[in-house]
Amino acid sequence: LEPRDCAVLVRRHQEAQAVRDALSALGVPAVATGRQSLFSSEAAQSLLTLLLALAAPGDERRLRAALALPLFGLDAPALRALDDDGERLRQWQARFEHWRLRWQQHGPQAMLTDVAAQRAAEALALSDGERRLTHLLQLGEMMQEASAAQLGPQGQIDWLRASIDRADDADEAQWPRLESDASRVQILTLHKAKGLEFPLVFLPFAGIGRNPPPGPDFVAYHDADGTRV
């Protein structure tokens, strides 16, 4: 039995994301194949956080927000430790300054390629690291087109924000691409799954209903022996 043999059917993109995150935490490769724009993905928000940090090199709050991204992987204790480790903080500041200059001189695609190359080992150690890097680089390609329109760094940030606000899940040009998706568990919306067949199909939300009534998250009952279950 391989991941590709399994499909999980959901109603909404939020459910698809929840299933993908849960499987990822267990080390099971999965992909949400519903029609979702890259600009409505976590990757777009991560890229915006990174660009805001690069655009304001003196703002430690934005720097720390970027370092907390999975791409850099600093947890709360590691971020707190920067308060007492000035040398480590200066190293991160110098690295971000290098990326900022790279962005200004050669555009977002070259900068993100450099970031991905330096952070590849850490990112690929994550169960969905390949996907994170691919989405980031694909967004860089899209932003490069905006750069070609003579937009500066702030203009590119504004362009990304506007693209996030206008994300169109029906626009195929905005869909993510990843060649290895075929080997993963396929997470699809019920509408997208029409006409498809898989050896194993899971419907984790089928018993909840579209608009579940308020109440407990479980049902208690007795079996024939009177045992409470």
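Note: W99 and F72 have tilted aromatic rings, judged against thresholds of 30 and 60 degrees for the angle between ring planes.
Side-chain atoms of D114 and H98 form a donor-acceptor pair, as typed in the model, at a separation below 3.5 Å.
Closest non-hydrogen pair, L133 versus A116, comes out as CD2-CB, 4.0 Å. Shortest non-hydrogen contact noted between A44 and L160 is O-CD2, 4.2 Å. Taking each heavy atom of A55 and I157 in turn, the nearest pair found is CB-CD1, 3.7 Å. Taking both residues in full, the closest heavy atoms of A53 and F96 are given as CB-CE2, 4.0 Å, listed atom of the first, atom of the second, then distance. Heavy atoms only, all atoms of each residue included: V8 and P204 are closest at CG1-CD, 3.6 Å. Nearest heavy-atom pair across P153 and Q104 is CG-CG, 4.0 Å.
Rounding to the nearest 0.5 angstrom, the gap separating the CD atom in E145 from the CD atom in Q156 is 12.0 Å. In this structure, CD1 on I164 lies 8.0 Å from OG on S41, to the nearest 0.5 angstrom. With values rounded to the nearest 0.5 angstrom, L203 atom CG is found 6.5 Å from L190 atom CG. With values rounded to the nearest 0.5 angstrom, R95 atom CZ is found 12.0 Å from Q93 atom CD. With rounding to the nearest 0.5 angstrom, the CD atom of Q45 is 9.5 Å from the OG atom of S40. Summarising the geometry, atom CG belonging to L48 is positioned 11.5 Å from atom CZ belonging to F39; distances are rounded to the nearest 0.5 Å.
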How far apart are the C-alpha atoms of L74 and L79, what are their side-chain angles, what is the distance that settles it, and do they pass the side-chain contact (heavy atoms from CB on, under 4.5 Å) test? CA-CA 6 Å; L74 271 68; L79 291 172; 3.9 Å; yes

Check the pair F202, V185 against side-chain contact (heavy atoms from CB on, under 4.5 Å), reporting the backbone distance first and the verdict last. CA-CA 11 Å; F202 299 86; V185 172; over 6 Å; no

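Between the side chain of Q186 and the backbone N or O of R184, at least one donor-acceptor pair lies under 3.5 Å. Within the 3.5 Å criterion, the main-chain N or O of R20 finds no donor-acceptor partner in the side chain of S24. Looking at D21, its side chain never comes within 3.5 Å of a backbone N or O of A18 through a donor-acceptor pair. The backbone N or O of L71 sits nowhere less than 3.5 Å from a side-chain atom of R132 that would complete a donor-acceptor pair. When atom types are taken as modelled, the side chain of E15 and the backbone of V10 share no donor-acceptor pair closer than 3.5 angstrom.
Side-chain contact between M111 and L51 is present, with heavy atoms from C-beta onward closer than 4.5 Å. Residues M142 and Q138 are in side-chain contact: their nearest non-hydrogen atoms beyond the backbone lie under 4.5 Å apart. Put simply, the side chain of D59 does not reach to within 4.5 Å of the side chain of L63, judged on heavy atoms. Within the 4.5 Å cutoff, the side chain of L112 has no heavy atoms near those of the L139 side chain. Looking at W103 and L50, their side chains never come closer than 4.5 Å, going by heavy atoms from C-beta outward. Inter-residue side-chain proximity for F205 and R12 is flagged as unmet; no heavy-atom pair is nearer than 4.5 Å. Residues P70 and E42 meet the side-chain proximity criterion, which asks for heavy atoms closer than 4.5 Å. Residues L52 and R161 are in side-chain contact: their nearest non-hydrogen atoms beyond the backbone lie under 4.5 Å apart.
The hydrophobic cluster containing M143 does not contain L101, counting ILVMFWY residues as joined when their side-chain heavy atoms lie under 4.5 angstrom apart, directly or transitively.
More than 12 heavy-atom neighbours from other residues, nucleotides or ligands sit within 6.0 angstrom of CD on Q105.
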